[in-house]
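On a predicted model such as this, the values are computed, not experimentally measured, just so you know. Throughout, protein chains are lettered first and strands after them, A, B, ... in sequence-line order, and every chain is numbered starting at 1.
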Amino acid sequence: MAAILVEHLSKVYPVAVKKPGFKGTAQHFFRRTYRHVKAVQNISFQIEPGEIVGFLGANGAGKTTTLKMLTGLIHPSEGTVRVAGYVPFQRKAGFLQEITLVMGQKQQLIWDLPALDSLRINAAVYGIRDRDLEQRVGQLSEMLSLEGKLTQPVRKLSLGERMKAELLAALIHQPQVLFLDEPTLGLDVNAQVSVREFLREYNQLYAATVLLTSHYMADITALCPRVLVIHQGELIYDGSLEGLVDRFAPCREVEVELAQVYPPDHLATFADLESVQGQLVKFLVPQASLTRTVARILSELEVNDLAVTDPPIEEVIGRVLRSGAVV
Amino acid sequence: MKSLQRFLRIMTTLLSVYYAYMVEYRAELVLWVLSGSLPIILMGIWVQASQTSQFALTGVEFARYFLAIFVVRQLTVVWVIWEFEREIVEGRLSFRLLQPLNPFWHHFTSHVSERLARLPFAVVLIVLFFVLYPQAVWVPTVGQVVLALLVTSFAFTLRFLIQYTLAMLAFWTERASALEQFSFLFYLFLSGMVAPLELFPPVIRTIALWTPYPYLMYFPASILVGLPVDLGRGLLVMAGWSGIFLLLCRWLWRKGLRQYSGMGA
């Protein structure tokens, strides 16, 4: 049985429209008009137990709306969803025991009290015995390097520590399906790395299914062999990360160190210019014409050094998200 | 039996954690206690007025009545609509919805915990009042105290249910607290906070006694000071209104969840 099964899922929101100025305000007050925004349109996918899948899309693409439907927070306009065998919106106790949602920009811990107090509430709500709670807190706080931090008021923790404590609170009931919405948002590089390592370890330890959205491509490349790409509410890609790069980046990067400075207009006749910094030039060359272009550069320009590389994956994904290109 | 044990564990945990939360800011708590001292101000006005005119209550009776109103108000104050509205608008309700516990219990227990936290401060104010106005000292019987406490607990539950029901409208309007501000007008006059119901014209009094408002303050306060009340009828009206608001609240909750968009979450 798939951990997550989504079929023809759509969500349409009514959004109030207001014209600027006093007249618009008066109209808005007496006769409010709405337009319908298609946040998610007819998307289908399936995620198997234990998979870690990256969910990519620009701001407003429909990622969070989809996560909200998968976690049962909002009701779909059309389509069906099954998570861990349950219909999310029915919010059955069995379903809520199986899932968790972590939102990088939101917190569930009580700000003025130590995280341990919030954990006590979660333990009571999820029916975790005191002995098990102690054991789980010990294990998770060790994995997250949070020892000694859980007795301090949450407001006194650093952002990274707070996020880790949020993760701990979200996972104390050992859910099997994790929805993570920007879990590393605003964290420094070290904290990002440790959260990533923790997620990988948790996934391996509990065979948990993870659906992860992040604007930090390093999260995706480090954790997700498979990605879903959503653009303007439509699913435009579902497959491996390498496949995404092959499909959306049929170009190579050619980095050349020239013996002298050439005018950019002249350089642009060889291939698309990615950057020019004095004698250091980067071309973006289609795979099909790579040999021909490199030969031409070497014969027509005075070259000290030349290297051909794949463009960084972050750049490829960024390009896909900006354009929503489907190849 | 197991589910009852589990429910009790949840309740005791919520109460103890929210109590810890409430006592975190002691100064704020004292200010909240003081902000509920409108009955004391009104007491001064009515005691003064009773010296020049003839009313159903004497000056000392007025003093005792308004002190009882102050105590009942301290024990029944509710602010859930503002909290719930903020949770909806900021999308923080999402975390509560992801747990297998109705968010109602978080709000209810946090209110009960706050009561326990503010009680010592309220007691200090009462003692201070008796020191300043010794003529008003009275000792209610144990039966009166027990009954008044019981009825005050019902009053708090009813007040909470009324406001929580209005709070459900935040799923649609996002400014449900405006409704509470409007209904506060009725609460202020019909609950007996401004004047005891004995001073109302008979017609208004009869109508008022069919609404839930007099039972939120006037009724328990009258029991505490020994004013005559129809206990059976009062409890029945309270139970009736509680039932109506409970059903309405549950219906709105189910409808509202379909409206919820988890804003900002």
Side-chain angles (χ1 to χ4, degrees), chain A residues 11 13-16 37 39 64-65 67-69 71-77 88-103 105-114 116-130 133 153 155 166 169-170 173 175 179 181, chain B residues 2-26 28-29 83 86-106 109-110 113 117 171-174 253-265:
Chain A
K11 180 70 190 177
Y13 281 116
V15 177
V37 175
T64 305
T65 303
L67 285 191
K68 284 187 213 165
M69 287 191 278
T71 48
L73 290 176
I74 60 171
H75 198 264
S77 304
F89 192 70
Q90 292 174 351
R91 298 182 57 248
K92 295 217 165 116
F95 167 72
L96 298 171
Q97 290 273 1
E98 289 289 320
I99 66 143
T100 200
L101 171 66
V102 175
M103 291 180 272
Q105 76 280 34
K106 298 270 164 195
Q107 61 163 52
Q108 65 155 311
L109 297 170
I110 301 171
W111 182 251
D112 296 306
L113 294 180
L116 218 43
D117 280 321
S118 299
L119 294 175
R120 280 179 54 220
I121 291 182
N122 285 12
V125 168
Y126 288 106
I128 303 164
R129 285 178 303 180
D130 288 342
L133 174 69
R155 64 170 190 272
E166 286 287 339
H173 58 291
F179 297 99
D181 193 10
Chain B
K2 242 185 165 175
S3 60
L4 179 68
Q5 269 179 350
R6 187 174 165 182
F7 181 74
L8 286 176
R9 184 184 166 207
I10 293 173
M11 291 302 110
T12 50
T13 309
L14 287 175
L15 283 171
S16 72
V17 171
Y18 285 127
Y19 180 78
Y21 176 74
M22 294 302 169
V23 295
E24 193 67 17
Y25 294 104
R26 284 157 296 183
E28 190 189 4
L29 207 59
E83 278 193 353
R86 213 171 58 230
E87 283 188 357
I88 294 253
V89 172
E90 293 173 7
R92 286 193 294 122
L93 182 66
S94 300
F95 281 122
R96 301 249 195 261
L97 292 177
L98 289 169
Q99 294 196 335
L101 178 74
N102 194 312
F104 174 91
W105 295 111
H106 279 277
T109 50
S110 80
S113 302
F171 282 118
W172 290 271
T173 72
E174 293 155 28
W253 169 252
R254 279 199 295 272
K255 291 267 171 202
L257 280 183
R258 285 192 164 258
Q259 283 287 320
Y260 182 57
S261 60
M263 277 174 279

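- Side chain of B:Arg6 to main chain of A:Val125: a donor-acceptor pair is present (N/O by atom type, distance under 3.5 Å, no hydrogens or angles).
- Put simply, the side chain of B:Leu98 reaches to within 4.5 Å of the side chain of A:Leu73, judged on heavy atoms.
- Between chain A and the residues B:Trp105, B:Tyr21, B:Phe7, the largest count of heavy-atom pairs under 4.5 Å involves B:Tyr21.
- The distance from the CG atom of B:Leu101 to the CG atom of A:Asn122 is 10.5 Å, given to the nearest 0.5 Å.
- Among the candidates A:Leu101, A:Asp117, A:Leu113, A:Leu67, the residue making the largest number of heavy-atom pairs closer than 4.5 Å to chain B is A:Leu113.
- Heavy atoms closer than 4.5 Å to chain A are found nowhere in B:Thr12, neither backbone nor side chain.
- For A:Ala123, the parts sitting under 4.5 Å from any heavy atom of chain B are the backbone and the side chain alike.
- Most heavy-atom pairs under 4.5 Å with chain A: of the set B:Glu24, B:Met11, B:Gln99, this distinction falls to B:Gln99.
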Please table the atom pairs, donor to acceptor, closer than 3.5 Å between any side-chain atom in residues 89-99 of chain A and protein atoms at least two apart or in another chain.
{"from": "A:Gln90", "atom 1": "OE1", "to": "A:Lys92", "atom 2": "NZ", "distance (Å)": "3.4"}
{"from": "A:Arg91", "atom 1": "NE", "to": "B:Leu97", "atom 2": "O", "distance (Å)": "3.1"}
{"from": "A:Arg91", "atom 1": "NH2", "to": "B:Leu97", "atom 2": "O", "distance (Å)": "2.8"}
{"from": "A:Gln97", "atom 1": "NE2", "to": "A:Tyr126", "atom 2": "O", "distance (Å)": "3.4"}

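- Between atom CZ of residue A:Arg120 and atom CG of residue B:Leu14 there is a gap of 9.5 Å, rounded to the nearest 0.5 Å.
- In this structure, the salt bridge (Lys or Arg N to Asp or Glu O under 4.0 Å) partners of B:Arg9, at least two apart in sequence or on a different chain, are A:Asp130.
- Separating the CD1 atom in B:Ile10 from the CD1 atom in A:Ile121 is a distance of 10.5 Å, to the nearest 0.5 Å.
- The CD atom of A:Gln108 lies 12.0 Å from the CZ atom of B:Arg92; values are rounded to the nearest 0.5 Å.
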